[in-house]
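One structure is given here, and the rest of the page talks about it.
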Amino acid sequence: MAKIATWNVNSIRTRLPHLLSWLKESPPDVVLLQETKVMDDQFPRDEIETLNYNIALYGQKTYNGVAILSKFPLEDVTTGIPGFEDEQARYIEAVTGGMRVASIYVPNGTEVGSDKFAYKLDFLKHLYTHIQTLLTYDEALILGGDYNITPSDEDVYDPKEWHEKILCSTEERNALRSIIYLGLTDALKAMHPDKKEFYTWWDYRAGAFQNNFGLRIDHLLLSPQAADCLKSCEVDRAMRTLEKASDHAPVICEIDL
DNA sequence: ATGGTTGCAGCGCAA
């Protein structure tokens, strides 16, 4: 049984104590990290390698940055979406433990209709094309990350307040739905089809976590070969309760290949 | 509540 997690850490250096204790207490086999916010030469490799993880990095100063940690050897590592010119470090892919995995940090978009929103849609368009190609490989494929999109109003604590706002607009939801309809399974939704108020991100402001004012924007999307072997998927809310927590909680699935 | 908080770099910007 392989355990695969995705987690937006919001700075690997600030979150390192939480990451290390989490890796010690309930070690996933594969960890897909987003928003590491550090250049590769400053990534805290030694502390993580000591816990028997291999590491693949695509970092950037101050913003963005993605990484893959794996108990298995990491092969065929690629960075960036093929065919998409992007100076921001938001995509890394590798083959590990009999699976192909990717850690994806979709642009936030800031505001519907803005230049950054256009960039978000462009990123999603190229991601769609790349996933089309990946699905022809007929592999166990796990696309984890901060997609910065709620699939539906069920994934929003206050759909009226968020109606057509960023992370919830029809246009970006359609882009995500198109990607899923290529043949992917939303692992958390598949394991908990009727669960309500099931979120992965809570704003730091205004006591959002304490009030469970959250959104579900972090996803593990699985190819049919991976989905057939899916045994569980959960949100690790406990990580969001800690002092100096990331604003995102990890999403973890178990796959019995 | 065009507010609120966090992380970064170095006090404005992105989220």
Side-chain angles (χ1 to χ4, degrees), chain A residues 6-22 32-44 47-48 57-67 80 86-92 103-124 127 144-151 155-169 171-173 175-176 199-219 235-251:
Chain A
T6 182
W7 189 20
N8 180 323
V9 288
N10 187 14
S11 169
I12 188 76
R13 286 180 290 191
T14 298
R15 224 63 63 205
L16 190 61
H18 290 352
L19 177 68
L20 293 176
S21 56
W22 185 63
L32 308 167
L33 298 173
Q34 300 88 38
E35 277 206 273
T36 53
K37 296 188 175 181
V38 72
M39 304 270 276
D40 293 349
D41 59 2
Q42 293 176 60
F43 191 94
E47 297 93 325
I48 293 167
L57 298 174
Y58 186 35
Q60 182 185 330
K61 191 181 172 188
T62 311
Y63 302 117
N64 311 312
V66 284
D86 189 358
E87 67 258 3
Q88 301 190 22
R90 295 180 175 277
Y91 185 93
I92 186 168
S103 178
I104 307 170
Y105 179 43
V106 174
N108 174 286
T110 308
E111 192 179 350
V112 175
S114 66
D115 289 351
K116 287 180 181 137
F117 186 68
Y119 166 60
K120 181 179 198 173
L121 295 176
D122 199 30
F123 182 97
L124 290 164
L127 184 62
D146 176 1
Y147 284 78
N148 266 318
I149 302 171
T150 55
D155 306 303
V156 183
Y157 70 94
D158 186 345
K160 280 183 184 160
E161 182 179 324
W162 284 80
H163 180 70
E164 294 299 341
K165 297 272 172 57
I166 197 67
L167 315 183
C168 301
S169 72
E171 202 169 3
E172 58 200 290
R173 280 180 178 171
L176 177 60
Y199 309 130
T200 65
W201 172 85
W202 300 260
D203 201 296
Y204 282 125
R205 295 167 286 192
F209 182 69
Q210 290 71 19
N211 293 303
N212 200 28
F213 293 165
L215 303 178
R216 189 169 76 92
I217 55 175
D218 301 87
H219 310 298
V235 178
D236 191 349
R237 279 180 66 101
M239 295 304 292
R240 186 63 178 80
T241 67
L242 303 173
E243 285 291 316
K244 298 280 285 179
S246 168
D247 44 354
H248 296 254
V251 182

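Chain identifiers are assigned alphabetically (A, B, ...) following the order of the sequence lines, protein sequences preceding nucleic acid strands; residue numbering begins at 1 within each chain.
Summarising the geometry, the separation between CD on A:Q34 and P on B:dG7 is reported as 17 Å, rounded to the nearest angstrom. Between the CG atom of A:N108 and the C1' atom of B:dC13 there is a distance of 13 Å, given to the nearest Å. Between A:N148 atom CG and B:dA15 atom C1' there is a gap of 8 Å when expressed in whole angstrom units. One can place CD of A:E243 at 10 Å from P of B:dT6, the figure rounded to the nearest angstrom. Taking atom CG on A:D203 and atom C1' on B:dT5, their separation rounds to 7 Å, with Å as the unit. Between the P atom of B:dC13 and the CD atom of A:E35 lies a distance of 18 Å, rounded to the nearest Å. Rounded to an integer number of Å, the gap from A:D115 CG to B:dC13 P is 15 Å. Here the P atom of nucleotide B:dA14 and the CG atom of A:N8 are 17 Å apart, to the nearest Å.
If you check the side chains of A:D236 and A:W7, you find no donor sitting under 3.5 Å from an acceptor. A:Q88 and A:N64 are linked by a side-chain donor-acceptor pair at a separation below 3.5 angstrom, with hydrogens and angles left out of the test.
Taking the C1' atoms as reference points, B:dT6 lies 14 Å from B:dC11, given to the whole Å. B:dG12 sits 27 Å from B:dA1 when the P atoms are compared, rounded to a whole Å. Going from the P atom of B:dA14 to that of B:dA9 covers 15 Å, rounded to whole Å. Remark: the separation of the P atoms in B:dG10 and B:dT5 is 24 Å, to the nearest Å.
A:Y105 comes within 4.0 angstrom of the backbone, heavy atoms only, and of no base.
Between A:D146 atom CG and A:D247 atom CG the span is 9.0 Å, to the nearest 0.5 Å. Here A:N148 contributes atom CG and A:K120 contributes atom NZ; the two are 5.0 Å apart, rounded to the nearest 0.5 Å. Going from atom CG of A:L33 over to atom NE2 of A:H248 covers 12.5 Å, rounded to the nearest 0.5 Å.
Comparing atom distances between the A:S11 side chain and each of B:dA9, B:dG7, B:dT5 picks out B:dG7 as nearest.
Nucleotides of DNA chain B nearest to A:Y204 and A:T14 differ in position, and the one nearer the 5' end is that of A:Y204. In terms of position on DNA chain B, the residue among A:E111 and A:H248 whose nearest nucleotide sits closer to the 5' end is A:E111.
In this model, the phosphate group of B:dG7 is approached by a side-chain N or O of A:K244 to a distance below 4.0 Å at OP1 or OP2. A sub-4.0 Å separation between OP1 or OP2 of B:dA14 and a side-chain N or O of A:K116 is present. Residue A:R205 has no polar side-chain atom (N or O) positioned under 4.0 Å from OP1 or OP2 of B:dA15.
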